[in-house]
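Positions are given from 1, in the same order as the sequence printed here. Just so you know, these numbers come straight off a predicted model, no measurement behind them.
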Amino acid sequence: NAIRMTVEREFLRCGWNHLSPDLLSETVNEVFIRFLGKQVSFSYDPQRGKLRGYFTQMIGWIVKDKLRASTRNILAQACEVTESTEPVVE
């Protein structure tokens with residue numbers, strides 16, 4: 001639940017005010033998948049900070065990745081609309 005709240009807070013902090021439950025769940029799942037994928041190389045070192053800080057930083061990276069992907073999709077769709085509505089010059 002703490003991870004879910006942190007993900008939601010990070011989306012809001014980045015200006016994404018209309019967060020769908022599906023995107024929220026997908027992002028929370030991605031946090032766990034990335035963390036579990038790094039289990040082989042991950043070792044907790046209290047000298048480097050709290051585990052909460054690690055998760056917060058990782059969540060920030062994932063949310064920013066989602067925002068970049070969304071922006072690319074919006075721009076691509078806008079280009080498709082522009083191309084299909086351009087006047088034909090003969």
> Which of these, T6, L36, I62, sits in a side chain to side chain contact (heavy atoms under 4.5 Å, CB included) with V31?
Replying inline: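 Of the listed residues T6, L36, I62, the side chain to side chain contact (heavy atoms under 4.5 Å, CB included) partner of V31 is I62.
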> Is L12 reachable from I3 through a run of hydrophobic residues whose side-chain heavy atoms are each under 4.5 Å from the next?
Replying inline: no
> Does I59 belong to the same Ile/Leu/Val/Met/Phe/Trp/Tyr cluster as I33, with side-chain heavy atoms less than 4.5 Å apart forming each link?
Replying inline: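 Each belongs to a different hydrophobic cluster.
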>> On a heavy-atom basis, which atom in P21 and which in R4 lie closest, and how many Å separate them?
In response: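 Result for this residue pair: O-NH2, 4.5 Å.
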> How far does CE of M58 sit from CD of E30, to the nearest 0.5 angstrom?
Replying inline: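 Answer for the CE-CD pair, M58 versus E30, is 9.5 Å.
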>> Show every salt bridge (charged side-chain N to carboxylate O under 4.0 Å, His left out) that has at least one partner inside residues 18-28, sequence neighbours left out.
In response: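 Qualifying pairs: E26-K66.
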>> Whether the side chain of W16 engages the backbone of H18 through a donor-acceptor N/O pair (distance < 3.5 Å, no angle test) should be reported.
In response: yes
> So do L23 and F11 actually touch side chain to side chain, heavy atoms under 4.5 Å?
Replying inline: yes
Side-chain donor/acceptor pairs under 3.5 Å, residues 46-57, sequence neighbours excluded:
from : atom 1 : to  : atom 2 : distance (Å)
T56  : OG1    : R52 : O      : 2.8

